[in-house]
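Worksheet for the structure shown next.
Letters A, B, ... mirror the listed sequences (proteins, then strands); counts begin at 1. All heavy atoms count here, side chains included; hydrogens, waters and symmetry mates do not.
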Amino acid sequence: MTDLASSWANAGAVLTVHRWMAVIGGLLLASVAILVLCLQFGATSVDVKTVATAIMHMLRADQEGAATLGTSEIIMVQIRFPRVLMGFFVGAGLAAVGVTLQALLRNPLADPYVLGVSSGSALGVSLAILFGIGSTFMLLPILPLFGFAGGLLALLLIYRLAQSKSRLPIHSLLLAGVILNAILTAFIMFITSILEPNRSAGLMAWLMGSLTAPNYPALGMFLLYVLCVLVMLMHKAQSLNMLTLGEETARSLGVETEGIKKWLFVLTALLTGAIVSVSGMIGFVGMVVPHAVRSVIGSDHRLLLPASALVGGMFLAVADTIARTIMAPAEIPVGIVTALTGGPFFLYLLLWRKDRMV
Amino acid sequence: MKTDRMETMQSGLSVDVPAIEVEGVSFRYPTTEGRERIWTLDHLSFHVDAGEILGVVGPNGSGKSSLLKVLSGYLPAGEGDVRLGGLSLGTRSQADIARLVAVVPQEYAQVFPFTVAETVLMGRFPHRTARWWSMGIGDETAKDLACAHQSMIDTDVLSLADRLVSDLSGGERQRVMIARALAQAPKILLLDEPTAFLDINHQIEICSLIAQLRAERRLTVVLVSHDLNVASQYCDRVLMLKEGRLCRIGSPDETIRPDVLHMIYGCEVVVDAHPQTGRPRVTMPMNIVRN
């Protein structure tokens with residue numbers, strides 16, 4: 001690096017390895033702190049020491065020790081720990097999907113929930129449930145596969161709309177998403193109405209966006225799946241940067257736009273499908289989190305993508321803790337919490353952007 | 001092996017071979033229902049020499065922008081062949097083309113907060129060797145940074161390096177986009193309406209910048225403009241398009257003439273000599289009130 005160049009390269013104008021490490025390292029520490037904090041709250045609150053011993057037991061997989069565990073440790077190990085971790089990865093995945101969609105559509109308000117991609121996945125999963133496919137093994141790839149197919153179809157439809165007039169204005173794209181959402185939701189409602197009451201109640205609770213405590217093999221599989229897709233998205237982070245310049249410019253910079261776009265569609269649909277199949281429709285995380293993160297650390301997707309994923313994870317872990325505790329011992333769906341915090345923020349952005357961008 | 005190829009690409013333009021050769025190129029957009037398929041570009045043949053500035057003019061919808069997109073390989077020529085430095089576009093990969101040709105598009109609306117330096121550094125993307133384990137983090141080499149630095153000096157945007165592109169004025173943003181194109185270290189620069197929507201001071205700024213870059217970097221420039229005076233004052237030759245067909249190509253003296261302009265635009269204009277350069281200058285005639 002020449003001395004001249006270093007004057008701007010190190011002054012925060014561009015992403016350096018050093019800055020990447022600092023931001024991601026800081027966010028990782030914050031994530032651990034938030035997770036430990038979230039473990040303490042619930043219908044019964046547990047102090048830090050119990051959290052620590054429970055985690056120690058779990059790490060050692062101590063069979064003899066398990067017999068000596070108290071009720072709170074069992075709650076911790078069996079229920080709260082897997083649920084909090086699940087919430088973290090669902091939030092991380094949703095934020096990553098949001099970042100990717102925003103770059104692909106060149107629209108900072110894009111969100112899998114608002115654009116109807118989540119509804120597409122939900123319809124796919126509902127259909128699978130209606131026909132009794134895979135309803136017993138939640139996390140074997142059957143339901144995510146249906147979610148993937150539904151999400152991909154919704155995504156392609158939205159993209160076609162966005163491309164139809166070279167670039168659809170931000171508001172028109174959102175409107176198209178809302179309509180698509182309404183249509184897909186109608187189909188889902190139809191399915192719930194023809195299911196027998198006890199199954200439809202379960203489906204409704206899931207649709208509203210709720211987290212449950214999965215068993216450990218299922219949790220492990222989900223975490224691995226989300227991590228793999230996140231890494232694959234990270235490999236395309238540079239291309240996402242170029243795509244924000246517009247497709248023609250990205251092509252002129254040597255990005256094979258057609259292939260990359262298809263691959264990104266598949267990855268986002270894979271992630272959305274898996275997330276929706278385990279947690280239903282949790283809205284606004286994919287829009288609010290990247291927006292907030294971008295305003296602090298900038299737009300370079302090599303940093304924005306992993307940072308948004310970590311912040312999204314923290315956001316949903318906290319939102320789920322609120323959902324678990326605010327009406328304790330009853331729980332409210334976490335989707336309601338994110339909609340009540342994210343929705344107003346979305347409206348604010350829409351109003352605020354009116355006189356700036358559109 | 002990859003670097004070998006890169007070097008041949010970079011030295012790929014010799015003085016003997018024209019930088020751009022267009023032979024019988026036709027292009028049409030996919031049909032829209034119920035409409036006749038018309039050629040957007042109709043059997044064009046011309047060449048651009050290395051180090052030349054070629055201006056492309058013509059009425060709205062005459063295919064100027066489409067021609068530029070065909071030259072950059074964004075739109076595939078339906079018929080005919082485009083050769084860059086003697087090599088057909090079809091045989092080059094997207095990255096190969098990117099190391100040879102840089103494009104400055106007509107409008108650039110960045111909706112995300114990227115800094116000027118980040119945007120200019122994106123121009124180095126086609127020169128990067130991806131390391132799969134780094135996921136692109138820290139891929140910028142000292143050469144990338146030096147190249148971006150020089151491009152920002154040449155376009156006078158270095159002082160804006162840490163500013164957000166979205167906060168800049170139109171003229172500044174256009175200079176950033178040219179800096180981004182220069183960071184690509186291209187041999188050929190394609191510009192689509194570089195002075196559109198700019199105030200006169202920015203127009204002068206951009207035009208002199210292009211002339212200066214051609215002189216310093218021996219760039220071959222193809223410049224699309226609706227402004228006939230920009231084409232006349234700054235281009236070595238002017239190519240005139242009408243309805244996708246090449247009407248005339250030649251020096252400004254041969255092309256910017258009242259009879260030729262009448263044929264292309266269908267209106268009378270006044271052409272006199274520029275007081276400083278003697279090149280043709282186009283003005284509107286005195287307003288004739290019709291009864």
Please classify the contact between [X] and chain A as side chain, backbone, both or neither, with a heavy-atom cut-off of under 4.5 Å.
{"X": "B/Pro105", "result": "side chain"}
{"X": "B/Arg180", "result": "side chain"}
{"X": "B/Ile137", "result": "both"}
{"X": "B/Glu140", "result": "side chain"}
{"X": "B/Thr141", "result": "neither"}

- line: The interface call for A/Leu245 against chain B, heavy-atom contacts under 4.5 Å, is both
Which atoms of A/Thr249 approach chain B - backbone, side chain, both or neither, heavy atom under 4.5 Å: side chain
- prompt: Should the pair A/His291 and A/Phe345 be assigned to parallel (<30°), tilted (30 to 60°) or perpendicular (>60°) ring geometry?
  reply: perpendicular
query: Taking the six-membered ring where the residue is Trp, are the ring centres of A/Phe265 and A/Tyr159 under 6.0 Å apart?
result: yes
- prompt: Could B/Asp154 and B/Arg217 be called an ion pair, given the rule that one side-chain N must be under 4.0 Å from one carboxylate O?
  reply: yes
message: Could you check whether A/Lys261 pairs with A/Glu247 (Lys NZ or Arg NE/NH1/NH2 to Asp/Glu carboxylate O, under 4.0 Å)?
response: yes
message: Using side-chain heavy atoms (C-beta onward) and a distance below 4.5 Å, is B/Val82 in contact with B/Val70?
response: yes
Stepwise side chain to side chain donor-acceptor pair (under 3.5 Å) test for B/Glu193 and B/His226: CA-CA 7 Å; B/Glu193 300 280 9; B/His226 71 280; 2.8 Å; yes
